[in-house]
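What follows is a short report on a single structure.
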Amino acid sequence: MNDLSDIRIKDAAPHIFRRPFLFVESNTQMLQIATFFAIGPQIYVDGIIVIDEVQKGPVGRISSKHIISSILDSGYPDCLQKKASQIMDRSVILLEMDSPIKEALEVFERTRFAFIPILTKKEDKMDELDDVKVVAASLTIRDILPLIAKANLNNTIRELSSQLISLDGNTGIRIALYHMMNNGIRNIGIRQEGSAHDDVTSENSGIKYNLPGIINDRKILEFLLSHDGRTFLRKNGIARLADLNIVDNLDIISPTTVKSNSTVSRAAELLMDIHNPCLILEENEKGEHNYIITPWDIVMKTLLGGM
């Protein structure tokens, strides 16, 4: 797929330059930053750029994983006093809008963080002698999905899928976080006997299947910052999150299913909907749902061969 990965960022994802990019200054407190990631699907935020308040240039990136790690490491309420400079990822690699999309993908693969600031072109700067890096937009893994959807790629998603890790709905939230952090994943299947998430209709066939629900890091963060979550943490501390089960405390997502022979472009189109954080492959002959397709799977494995 070299032809697609060689397309310039400004041509591969022109829509990113029509929206405002989110940023915070390095002294911004964690609670203000975390709110961006926990306000539901109305505004889907994959990352935030951290800007130095003096030099006005990008100095870091923050994801929901950084927020959750800070909560777990610092405890509550101490974590709320942390500043952006204390929790951010400092590996800021900057690309210009004329850079090929494959350079962004290589950064994603190297840092395992699919979010990067995109700079304006050098000739667009007010002063060529000015070293200030002017951010024009931010690029995420989801921003590349329209490129793949429009390419009408007919290869199937069977080989692109990843193993789905599933937990029982009675598992504690702290255990779910442990699996996410240690496996480097954002989505986990939740098995529920006789739940409202049973019998989900397949997008492809209209046939109903008994599917696990899905939770992700955003849903956990949404709970941790909610009134109920903050009240619990204030009274009981982080360790007691192991006592709160998933099914009674988190907003579980009903997944969309696809057949394993669905095309890559069709899967990319479905994942462009912000209500679809992932897709689940239809059950195998044993009635199990063991495989998941995420934007990372579609973009990285199609364009870069990354895992």
Side-chain angles (χ1 to χ4, degrees), residues 1-19 41 44-47 95 97 99-109 112-116 118 137-164 185-187 189 200-209 211 214 216 218 253-284 289-307:
M1 296 299 170
N2 289 337
D3 52 340
L4 289 180
S5 62
D6 287 336
I7 297 175
R8 293 180 298 182
I9 292 172
K10 69 177 184 181
D11 299 320
H15 58 282
I16 69 174
F17 301 100
R18 298 193 294 268
R19 70 185 184 205
Y44 192 96
V45 178
D46 274 319
L95 297 178
M97 59 175 68
S99 302
I101 199 73
K102 65 182 176 184
E103 290 189 12
L105 301 181
E106 289 167 355
V107 174
F108 293 169
E109 184 176 50
R112 310 304 292 183
F113 185 178
F115 173 82
I116 187 172
I118 305 300
S138 59
L139 179 74
T140 74
I141 199 84
R142 298 182 67 90
D143 290 323
I144 307 172
L145 291 172
L147 176 69
I148 295 178
K150 292 177 183 178
N152 294 320
L153 303 179
N154 292 321
N155 49 315
T156 68
I157 61 174
R158 182 180 291 107
E159 301 302 322
L160 303 183
S161 61
S162 298
Q163 189 78 29
L164 174 65
I185 58 175
R186 299 186 63 184
N187 302 280
V200 177
T201 303
S202 165
E203 185 274 335
N204 290 91
S205 64
I207 300 173
K208 291 186 175 182
Y209 295 101
L211 288 173
I214 294 290
N216 56 25
R218 295 173 65 89
I253 302 166
S254 294
T256 295
T257 69
V258 291
K259 290 183 177 180
S260 60
N261 62 355
S262 297
T263 68
V264 169
S265 287
R266 177 54 180 158
E269 182 181 358
L270 290 171
L271 288 169
M272 286 166 57
D273 185 340
I274 60 174
H275 295 89
N276 285 334
C278 60
L279 304 173
I280 304 297
L281 267 61
E282 287 185 3
E283 62 184 347
N284 58 25
H289 299 274
N290 294 331
Y291 294 94
I292 183 174
I293 289 286
T294 67
W296 180 279
D297 293 322
I298 293 293
V299 173
M300 300 298 288
K301 296 177 183 178
T302 299
L303 300 184
L304 200 63
M307 301 302 291

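As a basis for the values below, the full set of heavy atoms in this structure was taken, side chains included, without hydrogen atoms, waters or symmetry mates. These numbers were taken from a predicted model, which means no experiment stands behind them.
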Rounded to the nearest 0.5 Å, the CG atom of D6 sits from the CG atom of L303 at a distance of 10.5 Å
Please confirm whether the backbone N or O of L153 pairs with a side-chain atom of S265, one donor and one acceptor, at under 3.5 Å? yes
Check against side-chain contact (heavy atoms from CB on, under 4.5 Å), E106 and S5: CA-CA 10 Å; E106 289 167 355; S5 62; over 6 Å; no
Least distance between heavy atoms, A104 atom then I9 atom: CB-CD1, 4.4 Å
For residues G189 and I214, report the shortest heavy-atom separation together with the two atoms involved. CA-CD1, 3.9 Å
Enter the distance from L139:CG to I16:CD1 here, rounded to the nearest 0.5 Å. 5.0 Å
Closest heavy-atom contact between S161 and I293? CA-CD1, 3.3 Å
Gap separating the CD1 atom of I298 from the CD1 atom of I157, nearest 0.5 angstrom: 6.0 Å
Any chance you could measure R8, atom CZ, to L95, atom CG, to the nearest 0.5 Å? 14.5 Å
Do side-chain atoms of R186 reach the backbone of R218 as a donor and acceptor pair under 3.5 angstrom? no
How close do A268 and A149 get, counting heavy atoms only, and between which atoms? CB-N, 4.0 Å
Identify the two heavy atoms, one from F108 and one from I144, that lie closest to each other, and give their separation to 0.1 Å. CE1-CD1, 4.2 Å
Applying the side chain to side chain contact (heavy atoms under 4.5 Å, CB included) test to M272, which of L145, D143, I148 qualifies? L145
Rounded at 0.5 Å granularity, tell me how far CZ in F115 sits from CG in D46. 8.0 Å
Can you tell me if Q163 has over 12 outside heavy atoms packed within less than 6.0 Å of its CD? yes
Evaluate L164 against N290 for side-chain contact (heavy atoms from CB on, under 4.5 Å), listing each step before the verdict. CA-CA 5 Å; L164 174 65; N290 294 331; 5.6 Å; no
Among L279, T256, D297, the one residue meeting side chain to side chain contact (heavy atoms under 4.5 Å, CB included) with L271: L279
Looking at K10 and M97, would you say the former's side chain and the latter's main chain have a donor-acceptor pair under 3.5 Å? no
In terms of heavy-atom contacts, R142 and P277 come closest through NH1-CA, 4.3 Å
Could you measure the distance from the OG atom of S254 to the NE2 atom of H275? Nearest 0.5 Å is fine. 12.0 Å
Has the side chain of T156 got a donor or acceptor atom that lies under 3.5 Å from a matching backbone atom of N261? no
